[in-house]
Amino acid sequence: QEQLVQSGGGSVQAGGSLRLSCTASEYTYSRNYVTWFRQAPGNQREGVAAIHIPPSTSRSTFYADSVKGRFSISQDNAKNTVYLQMNSLKPEDTAMYYCAADKVPFTDWRTQDAYKSWGQGTQVTVSS
């Protein structure tokens, strides 16, 4: 396991955009999924979006229903970095966002216990 390095986040008004970054070592980055989770005060941590890093002919990105069409997850293999582009932000998107990486079955991408490597977390605050 390793500490992933996150950047981005901050405060924005509703309707605005933010981009989060998550950088890992080449070994960790190439293993399987890199996933963004978020946790609002009083709520459980929930999976937001995931991307399958190794090339695959099957579906490689997954999104929670609450962010489909607004959030986009992408990868830059040259930088071992995954991005979460967040558009049309809503106050309910306010949370601490974490990235995680591990070799997990695609059916478990939302299961936080399946991941051993985590980022330090970054706050996203959306005001109305």
Side-chain angles (χ1 to χ4, degrees):
Q1 65 187 51
E2 72 172 61
Q3 176 78 54
L4 310 180
V5 179
Q6 295 181 219
S7 61
S11 298
V12 67
Q13 289 190 328
S17 298
L18 288 171
R19 190 178 79 160
L20 307 181
S21 301
C22 176
T23 301
S25 68
E26 184 174 355
Y27 175 78
T28 296
Y29 179 80
S30 65
R31 285 181 64 80
N32 199 332
Y33 282 96
V34 177
T35 299
W36 287 97
F37 289 84
R38 67 185 181 186
Q39 187 168 21
N43 291 356
Q44 290 188 336
R45 192 170 295 186
E46 62 169 343
V48 174
I51 187 164
H52 186 261
I53 298 301
S56 173
T57 57
S58 59
R59 178 180 170 189
S60 62
T61 58
F62 299 85
Y63 296 93
D65 288 342
S66 59
V67 305
K68 279 181 182 176
R70 301 188 298 120
F71 289 14
S72 177
I73 190 169
S74 62
Q75 63 193 91
D76 184 337
N77 293 341
K79 298 181 179 180
N80 297 339
T81 297
V82 167
Y83 302 99
L84 184 67
Q85 179 67 43
M86 305 182 292
N87 299 328
S88 302
L89 282 162
K90 304 175 181 179
E92 51 263 44
D93 294 317
T94 295
M96 185 71 78
Y97 283 70
Y98 300 88
C99 65
D102 216 318
K103 190 173 181 65
V104 301
F106 79 94
T107 51
D108 291 345
W109 74 267
R110 297 175 194 244
T111 304
Q112 62 171 317
D113 291 343
Y115 297 84
K116 290 187 288 293
S117 296
W118 288 84
Q120 77 274 22
T122 186
Q123 180 67 38
V124 170
T125 302
V126 185
S127 57
S128 57

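Basis for what follows: all heavy atoms, side chains included, without hydrogens, waters or symmetry-related copies.
- Between Asn77 and Tyr29 the shortest heavy-atom distance is OD1-OH, 2.6 Å.
- Checked by atom type and distance alone, the side chain of Asn43 never pairs as donor or acceptor with a backbone atom of Ala40 at under 3.5 Å.
- Residues Ser25 and Glu2 have side chains that bring a donor and an acceptor to within less than 3.5 angstrom of each other.
- For the pair Lys68 and Tyr63, the tightest heavy-atom approach, listed with the atom from each and the gap, is CE-O, 3.5 Å.
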Original post:
Stepwise, does the side-chain contact (heavy atoms from CB on, under 4.5 Å) test hold for Tyr83 with Cys22?
Top reply: CA-CA 6 Å; Tyr83 302 99; Cys22 176; over 6 Å; no
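- In this structure a side-chain-to-backbone donor-acceptor pair under 3.5 Å is missing from Asp102 to Val104.
- To the nearest 0.5 Å, the span separating CD1 on Ile51 from SG on Cys99 amounts to 13.0 Å.
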**OP:** Kindly indicate, with the supporting measurements, whether the criterion side-chain contact (heavy atoms from CB on, under 4.5 Å) is fulfilled by Leu18 and Val124.
**Re:** CA-CA 8 Å; Leu18 288 171; Val124 170; 3.8 Å; yes
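- Residues Thr81 and Thr23 bring a donor and an acceptor atom of their side chains to less than 3.5 Å of each other.
- Nearest heavy atoms, Val34 versus Ile73: O-CD1, 3.8 Å.
- Looking at every heavy atom in both residues, Leu4 comes nearest to Thr28 through CD2-CG2, 4.0 Å.
- For the atom pair OG (Ser128) and NZ (Lys90), the distance works out to 13.5 Å, reported to the nearest 0.5 Å.
- In this structure, Ser117 contributes its side chain and Ala100 its backbone to no donor-acceptor pair below 3.5 Å.
- A pairwise comparison of heavy atoms in Arg70 and Asp93 identifies NH1-OD2, 2.7 Å as the closest pair.
- Contact record, Ala50 with Trp109: CB-CE3, 3.4 Å, taken as the closest heavy-atom pair.
- Checking side-chain atoms of Tyr98 against main-chain N and O of Arg45 turns up no donor-acceptor pair under 3.5 Å.
- Under the 3.5 Å distance criterion, with hydrogens and angles disregarded, a donor-acceptor pair is assigned to the side chains of Arg38 and Tyr97.
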**OP:** List the steps, then state whether side-chain contact (heavy atoms from CB on, under 4.5 Å) holds for Phe62 with Thr35.
**Re:** CA-CA 9 Å; Phe62 299 85; Thr35 299; over 6 Å; no
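- Separating the OG atom in Ser72 from the CE atom in Met86 is a distance of 11.5 Å, to the nearest 0.5 Å.
- In this structure, the side chains of Ser17 and Gln85 come closer than 4.5 Å at one or more pairs of heavy atoms.
- A distance of 8.5 Å separates CE in Met96 from OG1 in Thr125, rounded to the nearest 0.5 Å.
- Note that CD of Gln75 and OG of Ser60 are 7.0 Å apart. Values are rounded to the nearest 0.5 Å.
- Remark: aromatic rings of Phe37 and Tyr115 are close, center separation under 6.0 Å.
- Although no hydrogens or angles enter the test, the distance criterion places a donor-acceptor pair under 3.5 Å between the side chain of Gln6 and the main chain of Gly121.
- Using modelled atom types, one side-chain atom of Gln3 and one backbone atom of Trp118 make a donor-acceptor pair closer than 3.5 Å.
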**OP:** Assess whether side-chain contact (heavy atoms from CB on, under 4.5 Å) is satisfied between Leu20 and Trp36, documenting all intermediate values.
**Re:** CA-CA 9 Å; Leu20 307 181; Trp36 287 97; 3.5 Å; yes
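- Ring-plane geometry between His52 and Tyr33 is classed as perpendicular, the angle between the planes exceeding 60 degrees on a 0 to 90 degree scale with a lower cut at 30.
- Looking at heavy atoms from C-beta onward, Leu84 lies out of side-chain contact with Arg19 at the 4.5 angstrom threshold.
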